[in-house]
Structure formats: structure tokens, C-alpha cells
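Right, one structure below, let's go through it.
Only a predicted model underlies this, so the values are computations on that prediction, with no experimental measurement involved. Protein chains get the first letters and strands the later ones, always in sequence-line order, with residue 1 at the start of each.
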Number of protein chains: 2
Amino acid sequence: MVPTPRPNDPELSDCSTHSRRPTIVDVARAAGVSTAVVSYTLNGRRGVSATTRERVLRVADELGWRPATAARSLRSGPAAAALVVVHDQPFGTRAAFPLDLVTGALQTLGPDTLTLAVHVAGSPAHAAQLMDRWWTERRYAAFVVTGVRVDDARLATLRSLPVPAVVVGVAVDPAPATWQHVVLDDGDAFAQVGAFLADLGHRRIAMVAGSEHLVAPVRRAAALESGLVRYGIELRTVAGDGPERASAALLPLLAAADRPTAIVTDDDATAGLVLDVARRLGLGVPWDLSVVAGTDSPACYLTTPSLTAVPYPVEELGRATGWALRTALGAAASRRVMGAEPAEGETPPSGIVPVGRLVVRGSTAPPAGS
Amino acid sequence: MVPTPRPNDPELSDCSTHSRRPTIVDVARAAGVSTAVVSYTLNGRRGVSATTRERVLRVADELGWRPATAARSLRSGPAAAALVVVHDQPFGTRAAFPLDLVTGALQTLGPDTLTLAVHVAGSPAHAAQLMDRWWTERRYAAFVVTGVRVDDARLATLRSLPVPAVVVGVAVDPAPATWQHVVLDDGDAFAQVGAFLADLGHRRIAMVAGSEHLVAPVRRAAALESGLVRYGIELRTVAGDGPERASAALLPLLAAADRPTAIVTDDDATAGLVLDVARRLGLGVPWDLSVVAGTDSPACYLTTPSLTAVPYPVEELGRATGWALRTALGAAASRRVMGAEPAEGETPPSGIVPVGRLVVRGSTAPPAGS
DNA sequence: TTGAAAGCGCTACCAT
DNA sequence: ATGGTAGCGCTTTCAA
């Protein structure tokens with residue numbers, strides 16, 4: 001009864017012992033059809049009779065069949081996109097952003113369309129190298145780029161490749177046809193911040209800018225500045241790239257006699273820092289100093305006082321990114337990814353994500369003596 | 001002169017136009033050898049003459065050859081591992097942790113050994129589902145799990161599969177043979193925190209615990225408690241799962257007549273919250289209240305006063321995770337990944353990462369009146 | 001509507 | 001030391 005072991009006989013390779021996953025050959029055999037029919041069925045293509053389709057699906061399910069990623073990719077190209085994060089700053093707040101972005105993107109991608117992986121690089125050049133490599137290795141079908149810097153090596157590299165890409169945060173122009181953009185419509189919001197503070201009566205206003213190497217913060221500072229121009233107010237700007245620099249710039253700024261009565265920061269962490277410095281100098285917020293955070297976050301309503309802030313809809317940004325990915329992959333002539341094109345009933349939004357109105361909390365008030 | 005277009009003739013498919021990447025067939029032809037020799041050479045295996053090896057490598061480089069991930073995976077199994085992050089809390093600090101972990105892991109993995117991708121799931125069950133799926137689809141060769149919860153669905157799922165896995169933060173026992181563990185040796189550190197505070201003269205000590213659903217915070221609280229026992233001090237513990245709950249628990253705690261003179265938190269964000277609540281109640285830190293953060297971070301030295309904190313060597317944890325991954329993949333009988341075994345001269349560290357001594361900053365002092 | 005079969009790019013086995 | 005070649009699991013013609 002015990003069969004003679006024949007090592008190289010595939011028929012004998014015990015599925016359970018050898019843990020060999022079922023393939024479409026197994027499904028085809030069990031369903032009594034050819035592998036072509038199985039493939040057609042499992043990919044939901046027409047040309048298979050209803051009864052056959054049902055039987056194949058049932059058998060595949062019973063056998064616990066799952067597609068082998070590699071085999072599928074070998075013919076159809078990769079069904080995954082990657083977001084390569086440049087992670088060179090120890091301060092955590094910004095780093096969390098990509099995960100929230102992914103959460104949003106997944107909502108519009110769906111598990112069967114495309115998977116989105118996050119990778120980490122130490123610099124833009126490193127990220128560029130990884131993307132180049134993974135593109136030529138056909139590992140990913142598209143890439144997402146966030147936190148674009150001035151003269152970013154990643155964009156230069158992506159430009160030299162015919163690669164579908166989604167650029168988040170900046171509208172590059174001119175951009176290759178294979179690129180999609182997702183931008184935050186924060187220009188208006190920052191101009192409104194200026195109007196809000198001016199209307200409160202503030203005349204000496206300063207901004208703690210984000211890194212001058214990042215494109216988006218520079219743009220936001222410019223928007224605030226232009227929003228103040230119509231009030232005849234000149235914006236003072238200090239460098240805020242990293243907590244150390246921001247702290248070093250804030251102390252003399254707030255200790256001076258002509259100190260600003262209102263401060264706008266680019267991000268939430270820096271706004272918290274402003275609160276801290278003000279406290280050390282004995283300045284009461286909002287009575288002696290108003291503070292506006294340029295990037296809202298849960299941290300902004302946990303401080304005392306809570307921080308008036310410009311909304312930062314990261315998940316919304318992520319959803320738009322998901323759509324942009326599908327568009328980019330749909331537009332790519334070769335290497336198309338199944339399910340990239342929006343199905344009927346779905347309306348892909350534009351790549352411009354509205355920011356909404358300033359969230360007014362406790363850190364802003366008319367200046368003292370007004 | 002113009003050749004008649006023959007659509008299906010592979011010889012005619014123009015490499016530059018069709019953007020067809022070179023394969024080992026191209027390399028073999030250009031080098032005048034067989035594909036087997038090319039494969040052997042490119043995988044650095046012996047049995048190829050020095051002259052041939054050099055020629056093949058040169059040709060491959062000139063042609064810009066890169067391995068096709070899918071084709072290689074089809075035979076050898078996937079050469080990538082995934083860290084599926086459960087990202088269900090809006091508060092950003094914790095979410096940044098996986099990226100730092102990956103940064104550390106990459107230092108011990110090297111670009112050619114194994115790539116580590118981060119994915120995001122909304123719950124442990126969701127993460128478990130993704131890992132199950134990606135394992136059966138042969139998409140990843142191993143998984144990394146962080147932030148293990150009590151009764152974590154991910155561990156149950158991984159246990160039911162013969163999958164190499166690295167569990168970070170908790171030593172599960174008994175664990176499958178394919179698992180590796182990386183734990184922070186923070187028990188001693190937390191016991192030392194107790195001794196430190198007791199030696200300063202504190203007698204009423206409270207801990208704002210992390211989530212009771214996470215394994216590591218529970219363990220840390222227990223370590224602190226046992227460290228205080230020898231001083232005859234009973235630790236008071238309040239729930240600190242999320243800023244809202246922590247804040248709600250802190251107010252009555254610190255407003256009471258028998259309020260603690262020292263507070264230990266599980267993480268850095270909560271410690272910041274303690275500073276804020278103390279300030280609102282008019283308690284001076286460290287004079288009226290000492291604060292120790294259980295997780296050091298850049299945020300801890302930016303506050304006023306800066307926070308005494310237990311070190312949190314995330315990158316070190318990441319490096320250990322990288323080693324653990326290589327071990328797990330080396331131990332896995334099937335599906336071995338090239339380069340998983342440590343080369344000569346490399347000494348894989350144990351999976352227990354030392355935490356080091358408490359970092360004393362400005363938030364701790366003897367209690368008032370001592 | 002279904003079946004047979006040719007690859008996709010690479011690795012690994014067996015000859016030579 | 002090198003060449004020939006059979007697959008890995010799937011998709012996709014082309015015939016029937």
C-alpha cells in the first residue's frame with residue numbers, strides 16, 4: 001500500500017507536505033477545462049460560458065488558489081506602485097505624513113487593482129537611484145513622489161525614464177505625459193491667513209518658513225506675503241528649517257522691541273515651538289502674540305492654547321493620489337495595470353485638493369492695545 | 001533598404017523604440033556565451049573562468065542589463081520582505097517609528113540582499129489578511145510585525161502559515177521555528193526609572209500608561225512597578241491610551257491634594273501633554289512635579305523644560321530587525337533568499353537591543369520640601 | 001466557447 | 001568551464 005518513493009515524480013509531490021500552492025493547472029484539471037479557460041475566468045473576461053465560469057470559480061476557491069505575483073508580472077508587468085520617502089530628518093511629524101497619504105490612496109485603489117508600497121531613502125539622490133533601479137528591474141509600475149525639493153534629483157531621474165509617476169504637492173511644468181499631479185490648493189488659504197490677521201488688527205506679522213529646499217513651503221510663504229500686500233503689510237520671514245534653526249531665529253525675533261504681534265508657521269511642530277519660546281519670554285498667547293500653524297494636525301488642538309491652523313487634508317490628498325495613480329497607469333500605453341481605468345459610476349476628481357477654511361482656535365486674537 | 005515590417009518578428013522589435021530592456025539572452029549573445037554562463041556570472045557563482053566572467057560583466061554593464069524581478073522571483077521566490085503597519089491612530093508620533101525602523105534595517109540588509117517594503121493596514125485583522133494574501137501570492141518572502149497587540153490577529157495568522165517572520169517588540173513564546181524576535185531590553189531601564197525617582201526622594205509616583213491593548217507598554221509599566229516595590233512605593237497607574245484619555249485622566253490626578261510628585265509616561269507625546277496640563281494647573285516642572293518620558297525622541301529636548309527620558313534606539317532596533325530577517329530567511333528551508341546568510345566577518349547581534357541609561361534632562365528634580 | 005501551445009526572463013540541471 | 005534546455009505559473013494568441 002505504501003507507494004515506492006520516486007523523488008522526481010511530480011505526481012507524488014504531496015501538496016500538503018511540500019506546501020505546494022495550487023496553480024491554474026491544478027484548477028484546470030479539477031474543473032476539467034484548459035488553463036486558458038481558467039485564466040479567462042479568473043480575470044473576469046468574457047467568452048466563457050456561465051456554467052463553466054461558475055464551476056471554475058468554485059474549484060479555484062475550494063483549492064484555495066491565489067495568483068502567483070511573479071508569474072503574472074512576468075507577462076503583464078508589475079501590479080504595484082511605490083512611494084519612496086526621503087527620510088532624512090529625525091523629527092517625526094513629517095515622516096508620519098506618508099502613512100496617512102497611503103491610507104487615503106488605498107481607499108481609491110482597492111486591493112485588487114494596485115498595491116502601494118512605501119520605501120525609505122536617505123536622500124533625494126538615493127531615492128532617485130532606487131526608483132531608477134526598480135523601474136528597470138520591472139519591480140514597480142509607477143512611482144509616487146512627495147516632499148519635492150528645489151532641484152530634486154528624483155524628478156530629474158523620473159524625467160529620463162518613460163515611467164508613470166504621481167507628483168504630490170507640486171505642479172511641475174512642463175511635465176512628461178506619463179506624470180500626474182496632486183496639489184494642495186493652499187495658496188488661497190495662506191492668503192486668507194494674511195487677511196484674517198490683518199483684519200484682527202495685526203500689522204507686524206512674521207512667518208517662520210519651512211525648509212527653503214522644499215518647494216511647497218516656499219510657495220506657501222509667497223502666498224501669505226501676497227495676501228498681506230493689499231493691506232500694505234510687509235511680511236517678515238525667518239528660516240524655520242528644523243527645530244534648532246527655528247528656535248534660534250525665534251528668540252531674537254520675539255525678544256526685540258518691534259517684535260511681531262502675530263506669527264505664522266509652516267508646520268505644526270514649529271508652531272508648538274513658538275508657543276514654547278513665547279512662554280519662556282513671558283509672552284502670553286494670544287494676548288501678546290497670535291500664532292497660526294500652517295499645517296493642522298491633532299497636535300494643534302492639544303496645546304494650550306489650542307492652535308489656529310490651516311487645514312491639512314492628508315487623507316484627501318491620498319485619495320487624489322490614488323486616482324492619479326490609476327490615471328497615470330491607464331495613460332501608460334505599455335505595461336497597463338488591470339483595473340487602472342475608472343469603472344463606470346466612478347468620477348475621478350481633479351488633482352487639485354481644496355484646503356478649506358482656516359480653523360480658528362485659541363491662539364489668535366486682536367493684538368494688545370487694539 | 002526599408003525592411004518590410006513583419007509585426008511578429010522579434011528580431012525587428014527595435015530596442016530603443018520599443019524600450020525593450022536587455023535580457024540575459026542579449027547579454028549572452030553579445031558576449032558570445034550561453035545564457036547559463038551569464039546567469040552563473042551575474043549571480044557570482046564559481047565555475048566561470050576569470051576572462052569570461054570579466055567579459056560578461058562588462059557586456060552586461062554596457063547593455064545596462066538589470067534582472068527582471070518577476071522572472072527571478074518565478075524561480076527563486078520573492079526577494080522582498082514587508083512590514084505591514086497598523087495605522088489606526090491619527091496622532092503622528094508613533095506612525096513615524098516604522099520609517100526609522102526601516103532606515104535601520106536597510107543598514108544591515110544591503111540593496112542586493114532583500115528589499116523591505118512598508119504597507120499600511122487599518123487594523124490588525126486587516127494586516128493579517130494582507131499578509132496571508134501576499135504570502136500565498138508569493139509576493140513577499142517574509143514579514144515584519146511591530147506594535148504587537150494583546151491577542152493580535154496578525155500573530156494568529158502568521159502562526160497558521162509556514163512563513164518567516166520577525167516580531168519586533170515582544171518575545172512570543174512558544175513561537176514557530178520560522179520566527180525571529182527583536183526586543184528592546186527596557187525592563188531594566190524602567191526599573192531604573194523607579195530607582196532614580198525614589199532616590200530623588202519621590203514617594204508618590206504615577207504612570208500614564210500606554211494603550212492596554214499593546215503588549216510592550218503593559219510590560220514597561222510592570223517593570224516600573226516592580227522597580228518601585230523594593231522602595232515600598234506603590235505605583236499609581238492611569239490610562240493614557242491616546243491624548244484625549246490621557247488628558248482626561250491627568251487633570252483630576254494632578255488637581256488632587258495627594259497628587260503625585262513624579263509622573264512617568266509611556267511615550268514622548270504624552271509627556272508633552274503632562275507638561276501642558278501641569279502648566280494649566282500652575283504646577284512648576286520640575287519643582288512641583290517631575291516628569292519622565294518613557295520614550296525619548298527629538299521632541300523631548302525641545303520642550304521647556306526638556307524631558308528626562310528613557311532612550312529609544314529605534315535605528316538600533318531596525319538594524320537588529322535586518323539581521324533577524326536574514327536569519328529568518330536563512331533558516332527557512334525552502335524559498336531561500338540570496339545573501340540571507342551572514343557573510344564571513346559579519347557577526348549577527350542577538351535580538352535583544354540594549355536601551356542604555358536614562359537620559360536626565362530638566363524635567364526631574366527632588367520633590368518640593370525635601 | 002474551448003483547447004493547445006508559445007512564450008515572458010531567469011535559474012538550474014545535465015551533458016559535454 | 002561551458003552549452004543546451006526544461007521548467008517556474010501565467011497570459012495570450014491561434015485553431016478547432
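- The distance between atom CZ of Arg139(B) and atom P of dC10(D), rounded to the nearest whole Å, is 13 Å.
- When heavy atoms are screened at a 4.0 angstrom cut-off, Arg46(B) is found touching no nucleic acid atom at all.
- Under the 3.5 Å distance criterion, the side-chain polar atoms of Arg21(A) are matched with a main-chain donor or acceptor of Gly64(A).
- Picking from dC10(D), dA12(C), dT13(D) the nucleotide with the shortest atom distance to the side chain of Tyr40(A) gives dT13(D).
- Aromatic ring pairs are classed by plane angle as parallel below 30°, tilted from 30° to 60° and perpendicular above 60°; the pair Trp134(A) and His119(A) is tilted.
- Distances from the side chain of Thr23(B) to the nucleotides dG7(C), dG9(C), dT11(C) place dG9(C) closest.
- Whole-Å rounding puts the Asp26(A) CG to dC8(D) P distance at 11 Å.
- A donor-acceptor pair is defined here as one N or O able to donate and one able to accept, closer than 3.5 Å; such a pair exists between the side chain of Arg138(A) and the backbone of Thr136(A).
- Two end axes, each from the C1' atoms of five base pairs, can be drawn for the helix from dT1(C)-dA16(D) to dT16(C)-dA1(D); they diverge by 40°, to 10 degrees.
- Asp152(B) places a side-chain N or O within donor-acceptor distance of the main-chain N or O of Arg154(B), the cut-off being under 3.5 Å.
- Near DNA chain C, defined here as any heavy-atom distance below 4.0 Å, the residues from residues 49-65 of chain A are Ser49(A), Thr52(A), listed numerically.
- One interatomic measurement links the two molecules: CD1 of Ile24(B) to P of dG7(D), which rounds to 17 Å at whole-angstrom precision.
- Here dA12(C) presents its P atom at 7 Å from CG of Asn43(B), a figure rounded to the nearest Å.
- The CZ-P distance, from Arg29(A) to dC10(D), rounds to 13 Å in whole Å.
- Between Ser39(A) and dT11(D), a side-chain N or O to OP1/OP2 separation shorter than 4.0 Å is present.
- Classification of Arg58(B) and Glu54(B) as a salt-bridged pair fails, no side-chain N sitting under 4.0 Å from a carboxylate O.
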Distance-only check: which donor-acceptor pairs under 3.5 Å involve side-chain atoms of residues 31-38 of chain A, not counting sequence neighbours?
unit_1   : atom_1 : unit_2   : atom_2 : d
Ser34(A) : OG     : Ala36(A) : N      : 3.4
Ser34(A) : OG     : Val37(A) : N      : 3.4

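- Residue Arg45(B) has a polar side-chain atom (N or O) positioned under 4.0 Å from OP1 or OP2 of dA12(C).
- For dG9(D), the OP1/OP2 oxygens have no side-chain nitrogen or oxygen of Arg75(B) closer than 4.0 Å.
- In summary, Arg133(B) and Glu137(B) engage in a salt bridge, as defined by a charged side-chain N under 4.0 Å from a carboxylate O.
- With respect to the salt-bridge test (charged N to carboxylate O, under 4.0 angstrom), the residues Asp26(B) and Arg29(B) qualify.
- Residue-level contact check: Val38(B) touches neither bases nor backbone, having no heavy atom under 4.0 Å from any strand.
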Stepwise side-chain hydrogen bond (donor to acceptor under 3.5 Å, both in side chains) test for Thr157(A) and Ser160(A): CA-CA 5 Å; Thr157(A) 296; Ser160(A) 70; 5.5 Å; no
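- Arg72(A) contributes no side-chain N or O that forms a donor-acceptor pair with the base of dG9(D) under 3.5 Å.
- Between the P atom of dC10(D) and the CG atom of Leu74(B) lies a distance of 9 Å, rounded to the nearest Å.
- Base contact: Ala36(A) has a heavy atom under 4.0 Å from a base atom.
- Distance from the side chain of Val48(B) is smallest to dT2(D) among dG3(C), dG9(C), dT2(D).
- Arg139(A) places no side-chain N or O within donor-acceptor distance of the main-chain N or O of Ala68(B), the cut-off being under 3.5 Å.
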